[in-house]
Number of protein chains: 2
Amino acid sequence: MSISTELSSPHNHTNCIATALNTATQLCFERGVQLTAIRQQVLELIWENHHAVKAYDLLERIKPLQSAAKPATIYRALDFLIAQGFIHRVESLNAFIGCCNLKTAHEQLLLICKQCNDVEERPANAVMQSLAQEFQNAGFTVHHQAIEIQGICATCSQLNKDEEIA
Amino acid sequence: MSISTELSSPHNHTNCIATALNTATQLCFERGVQLTAIRQQVLELIWENHHAVKAYDLLERIKPLQSAAKPATIYRALDFLIAQGFIHRVESLNAFIGCCNLKTAHEQLLLICKQCNDVEERPANAVMQSLAQEFQNAGFTVHHQAIEIQGICATCSQLNKDEEIA
DNA sequence: TTTCAGTTTGTTACAACATAACATATCAAT
DNA sequence: ATTGATATGTTATGTTGTAACAAACTGAAA
Ligand SMILES: [Zn+2]
Ligand SMILES: [Zn+2]
Ligand SMILES: [Zn+2]
Ligand SMILES: [Zn+2]
């Protein structure tokens, strides 16, 4: 697996990584919390692409850097990164992705491609507004939203069509 | 735990159970699939209330009826009930609830109360429509949706207010 | 600089969730 | 009787996540 990604909108992923790391560093400084070596390494591993990453995969991949790493090592780092909003947990996959909208508080809609495994995070303002209305109607006080859609992304759909023709 | 439930809209839960069981029986007959003793017992256990139920809790509770029950026993029954649309898996809880809208094909919005553990299933047509639009915009082909909202339900909110006053 | 509190990490053990693989049983149609 | 489809029994294992306590680190107050 190279650093490249199948994310539907083609992009320079080096930028994604740089932005994510720089912003995390900046926010940790502002908040007076520590982006320790372990936490930064986990964040970097998650950002290698736009796939959802499993905790135990991270554990295997961090061992060359942190030979003492155990499950708790990873889960603690993940807890921290989630608390800071740097990553999201994908409930329906038991996995984790880097947050693409670090700067703005947001509730995310996740489009999960079952073919290429990319996860796209979309603001989906219209959806969020109709959701807010629904909560009002129900008298429900929201603490956390998980909106996770599984299917086939635009890129893979197009690829599949091309293959049918060929 | 009695048969009663804290579901926000007060209701006669005996009706919920009867409807769920009768409809499941009817649909299995129509579809030529078997609602075996194990499958029906699991469905009944899930329908004891509107809480999300864990697989291993079901395992403990079915053992008096099925002394040979093992994890696979439960997970097979759950797979069947999900495939038939009789129950839903709650991804963010690793748990299961009975479906309240058996008759109509539907995508569900789940309101999960962290205080009383009830899960309310809402059609939320406006939300579903704006979601559909978002999928169009993204060129995304949907296979499965999980829309799970954690928070405090209307009933618990009201109870909490009452306690503050008292 | 010592001391102390708060935070982070190391380490062991275990809990909770889920599936693979293969054997056995059931039952209806040929 | 044989066969094929479905369901269940059984054992083992894989995957995901946490509890609990000890040790190390960090930075500021005494
Ligand atoms: Zn990228
Ligand atoms: Zn794809
Ligand atoms: Zn009910
Ligand atoms: Zn409640």
Side-chain angles (χ1 to χ4, degrees), chain A residues 24-25 27-29 31-43 45-46 51-84 86-97 117 144 146 148, chain B residues 24-25 27-43 45-46 51-84 86-97 117 146 148:
Chain A
T25 304
L27 288 175
C28 284
F29 177 77
R31 296 169 184 173
V33 296
Q34 304 172 48
L35 189 61
T36 62
I38 291 177
R39 289 165 176 176
Q40 176 163 345
Q41 285 159 7
V42 169
L43 186 56
L45 289 171
I46 289 174
H51 297 189
V53 191
K54 299 265 179 181
Y56 277 72
D57 288 344
L58 290 170
L59 178 55
E60 289 315 303
R61 287 158 60 198
I62 209 176
K63 275 183 177 167
L65 304 169
Q66 299 286 341
S67 56
K70 300 275 184 311
T73 314
I74 298 298
Y75 281 104
R76 284 167 179 158
L78 292 171
D79 286 346
F80 172 85
L81 296 171
I82 290 169
Q84 298 301 322
F86 301 159
I87 66 172
H88 299 296
R89 181 179 159 82
V90 185
E91 300 290 350
S92 53
L93 298 178
N94 295 333
F96 305 85
I97 56 168
N117 298 123
H144 180 69
E148 305 182 357
Chain B
T25 305
L27 288 174
C28 283
F29 177 77
E30 288 174 17
R31 296 169 184 175
V33 296
Q34 303 172 48
L35 190 60
T36 62
I38 291 177
R39 290 165 177 177
Q40 177 163 345
Q41 285 159 7
V42 169
L43 186 56
L45 289 172
I46 288 174
H51 298 188
V53 192
K54 300 263 179 182
Y56 277 71
D57 288 345
L58 290 169
L59 178 55
E60 289 314 303
R61 287 157 61 198
I62 209 175
K63 274 183 178 167
L65 304 168
Q66 300 285 341
S67 56
K70 300 274 183 315
T73 314
I74 297 297
Y75 282 104
R76 284 167 178 158
L78 291 171
D79 286 346
F80 172 85
L81 296 170
I82 289 169
Q84 298 301 321
F86 301 159
I87 66 172
H88 298 297
R89 180 178 160 82
V90 185
E91 301 290 351
S92 52
L93 299 178
N94 295 333
F96 305 86
I97 57 167
N117 298 124
E148 305 182 0

Open item on the list: What is the distance, to the nearest angstrom, from the CZ atom on B:F80 to the P atom on D:dA5?
Closed with: 19 Å
Open item on the list: Could you tell me how far apart A:D57 (CG) and D:dT15 (C1') are, to the nearest whole angstrom?
Closed with: 11 Å
- [ ] Using whole Å, report how far NZ of A:K70 lies from C1' of C:dC14.
- [x] 15 Å
Open item on the list: Main chain of A:Q34, side chain of A:R39: is a donor-acceptor contact present, judged purely on distance under 3.5 Å?
Closed with: yes
- [ ] Please tell me which of the listed nucleotides, C:dT7, D:dA7, D:dG9, lies nearest to the side chain of A:Q34?
- [x] C:dT7
- [ ] Rounded to the nearest angstrom, tell me the gap between atom CD in A:E91 and atom C1' in D:dG17.
- [x] 13 Å
TODO: Using atom types as modelled and distance alone, determine if a side-chain donor or acceptor of A:K54 lies under 3.5 Å from a backbone N or O of A:L93.
DONE: yes
Open item on the list: Expressed as a whole number of angstroms, how long is the span from B:I82:CD1 to C:dC17:C1'?
Closed with: 14 Å
Task: Side-chain N,O (A:R89) to OP1/OP2 (D:dT16) below 4.0 Å - done: no
Open item on the list: Whole angstroms only, please: what is the CD-C1' distance between A:Q40 and C:dT9?
Closed with: 17 Å
Open item on the list: Quick check for you: among D:dG9, C:dT9, D:dT16, whose closest atom lies nearest to any side-chain atom of B:A68?
Closed with: D:dG9
Task: B:I38 CD1 to D:dT10 C1', straight-line distance once rounded to whole Å - done: 13 Å
With 3.5 Å as the limit, what N/O pairs link the protein to nucleotides 18-20 of chain D?
from, atom 1, to, atom 2, distance (Å)
D:dA20, N6, A:R76, NH2, 3.3

Open item on the list: Between B:R89 and B:I82 (side chain of the first, backbone of the second, donor and acceptor by atom type, cut-off under 3.5 Å), is there such a pair?
Closed with: no
Open item on the list: Could you report the tightest heavy-atom contact between A:A77 and A:I38, atom names first, then the distance?
Closed with: CB-CG2, 4.2 Å
Open item on the list: With a 4.0 Å limit, can you tell me whether A:N94 has a side-chain N or O closer than that to the phosphate oxygens OP1/OP2 of D:dG17?
Closed with: yes
- [ ] Grab the two heavy atoms, one from B:A68 and one from B:T73, that are nearest each other, plus how far apart they are.
- [x] O-OG1, 4.3 Å
TODO: Could you tell me whether the phosphate oxygens of D:dT16, OP1 or OP2, come under 4.0 Å of any side-chain nitrogen or oxygen in A:K54?
DONE: yes
Task: Spacing of B:I74 atom CD1 relative to D:dT10 atom C1', expressed in whole Å - done: 15 Å
- [ ] Select one nucleotide: of D:dG9, D:dG17, C:dG10, the one nearest the side-chain heavy atoms of A:A55.
- [x] D:dG17
Task: Donor-acceptor contact present, side-chain A:E148 to main-chain A:S92, <3.5 Å - done: yes
Open item on the list: Using 0.5 Å steps for rounding, measure from the CD1 atom of B:I97 to the CD1 atom of B:I46.
Closed with: 9.5 Å
